[in-house]
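Below is one structure, written out as structure tokens; comments come after it.
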Amino acid sequence: MAASHESEPNVVTNETSHQAVTANRLRDGIPIYFAGGGSWSPNIGDSVTAENGETLLAEAIRGPLPLEAVGVYVIEVRLAEGAVRPIGIKEQIRAFGPTA
Amino acid sequence: MYRYDEFDRRFLEERVAQYRDQVRRRLIGQLTEEEFRPLRLRNGLYLQLHAYMYRIAIPYGTLSPAQLRMLAYIARKYDRGYGHFTTRQNIQFNWIKLEESPDIMADLASVEMHSIQTSGNCIRNTTSDPFAGVADDEIEDPRPYCEIIRQWSTLHPEFSWLPRKFKIAVSASAKDRAAVHVHDIGLYLVRNAAGEVGFQVLVGGGLGRTPIMAKVLRDFLPKQDLLSYLEAALRVYNEYGRRDNIYKARIKILVQALGIDKMRDAVEAEWSKMDHEPLDLTKETIAGIYKHFAPPAYGKPERDDDAVINTAIAADKKFSRWLKHNVANHKQPGYSIATVSLKPPGKPPGDITADQLDLLAELSERHGFGEVRVTHEQNVVFPDVRRGDLVAFYASLASSGLGTANIGLASDIIACPGLDYCSLANARSIPIAERLGEHLAAREEEIGPMKIKISGCINACGHHHVGHIGILGVDKNGEEFYQITVGGSADELSAVGIIVGRAVPSDEVNGAVDKLLDVYLAQRDDGEDLPATFRRIGMEPFKEAVYGTR
Ligand code: SF4
């Protein structure tokens, strides 16, 4: 939707990289990451990752309901020395905050 | 200032209660996001990258001390201690929690403010000249008409679901300080050959992916017909505006498709068959609203005002520079209009801290009649500062980081929030503005008047199309690049800037802008601003300077 300042979920699929699932937390809007077992974390390091994020996505939106996450989507990530790092400037800004 | 009446108060109380219940139901899962999203957007609450963003309307940019203090309170209590003034005389808070948003709405209502119609396909906040009522070149104060439009357009049942959002601006001076030409409807107060004051009505302006300057719909509209004519124009748009394609839904596309003559015929036909009477503005109605904007009790000029100022000019170069750039003539002898810059080089344009909001409230009481105006250029105007107070006023500002002397200069950059906050962005705006402002500050005195405007995507909230130099963030394979335009203008000679060449990476923006400015400085004639030089010499010298000869 143009200029509404709200974007549609952008599902990025790249079979060669790892993927994680993110959203914003309903009650306060902060970025959160699917940590498995129905739980979400504000820390990207807690993300569960998979080569195909669609399976994670399906698990993430199953609940428990009502979902504490809004606008759930898959992101590309990189695993570096055991840490999960987002790929792309937008996801880096979401994960680590404004740069200015 | 206009004060809410019983109707305003009641509708706001009802809205707060409705919204509180909607949020409650959303939080316990009784409403889905799909159901809730339009409800929160109608109340100005967006979901952005890091949190919810709350957009609050500041009707025609005017704020009282109580309102400034409430914004400071909101910044401290619900946000991270600051807010951001936008290019449409709104303020946005970037770190809001959904669960606290009904409390914010209630707090705002207590000072006669709200966030309703700051989103959605409805008539948005009506904007105006920040010098309204005090400009020395004004035909008549435009604020009463903005207030009349505010009352008419708030919760207007017929225009709550337009094809797309709708923005109106009103100005009354020969010098356009309200960017009237880039609005869906622009209104200039003008005098006709018989000496009567009425409106020139423009239609179909807008920026975004299709930048178009508004065209004249009617040369002269008597004041009493303002609302009925607006209603006719909105009806034509509501009926014929496209709803099948969001990118083609603004009224500018309808005007482009029909042509201005057919658009005019359609509006006049609608207008002629309408019953005008319920909407006619009688002299009494206008006078009733005018009372809220009556000039304050100005004092007589003091004999030693100029002596105080001249002594300060001689003693303090910084004051002298601030006086030159930030202070404008007032229509009342003995008073000045002072603009507080929210563009200290190296800082995010338009941001203001809670402490600064409190200080502005205090200064507006001490050095004015309790009123400030926010501008579409993201600064704050003090409309009534006694000339004799300017030295003390500046000293208070300077000691709080608000003494930047750059109004209308190269570091007075407009920038949208960009990718640091906005979920639609392609690239960051704020760091580009910070670096460029810092870089250009050293030479801005030599450059003179200069409008640089930056948007983080084609939606153009930073008005880049109408910057003398415009900068648009674009995404190239996941990397931030910046497309530069030259020759744009948002004033009465409005023009859309032209793209200079291929987009450059962020670390080349300062260099490219330097080269454009070098061409301008070398080629300008006396008194020419950059758009005038551009019109005279064309694109080639600018292009060659940035990209070299091919
Ligand atoms: S121009 Fe684009 S990036 Fe900037 S605030 Fe508007 S929608 Fe967001």
Subject >> Engaged part of B/Glu434 at the chain A interface, taking heavy atoms whose separation is under 4.5 Å >> reply: side chain
Original post:
Do B/Leu47 and A/Val70 have side-chain heavy atoms sitting under 4.5 Å apart?
Top reply: yes
**OP:** Select one option (side chain, backbone, both, neither) describing which atoms of B/Ile96 are under 4.5 Å from chain A's heavy atoms.
**Re:** backbone
Original post:
Considering only heavy atoms from C-beta outward, does the side chain of A/Glu68 approach that of B/Leu27 to under 4.5 Å?
Top reply: no
**OP:** Would you check, one step at a time, whether the test side chain to side chain contact (heavy atoms under 4.5 Å, CB included) holds for A/Ile93 with B/Leu419?
**Re:** CA-CA 8 Å; A/Ile93 289 172; B/Leu419 190 54; 3.9 Å; yes
Original post:
Within a strict 4.5 Å, meaning less than it, do heavy atoms of the B/Leu49 and A/Arg94 side chains meet?
Top reply: yes
**OP:** Would you indicate whether the side-chain heavy atoms of B/His50 and A/Ile30 approach each other to under 4.5 Å?
**Re:** no
**OP:** Let me know if B/Glu479 has heavy atoms under 4.5 Å from chain A in its side chain, its backbone, both or neither.
**Re:** neither
**OP:** Compare all side-chain heavy atoms of B/Glu33 with those of A/Leu26 and state whether any distance is below 4.5 angstrom.
**Re:** yes
Subject >> Heavy-atom proximity to chain A below 4.5 Å, by part of B/Tyr421 >> reply: side chain
Subject >> Considering all heavy atoms, the nearest B/Tyr52-A/Gly29 contact >> reply: CE1-N, 3.3 Å
Subject >> Selection from A/Ile87, A/Leu65, A/Ile89 maximising heavy-atom pairs under 4.5 Å formed with chain B >> reply: A/Ile89
Original post:
Which value, rounded to the nearest 0.5 Å, describes the distance between B/Ser101 atom OG and A/Asp28 atom CG?
Top reply: 11.5 Å
Original post:
From A/Lys90 NZ over to B/Asp475 CG, what is the distance, rounded to the nearest 0.5 angstrom?
Top reply: 10.0 Å
**OP:** Could you pull out the closest heavy-atom pair between B/Gly29 and A/Pro66, with the gap in Å?
**Re:** CA-CB, 3.7 Å
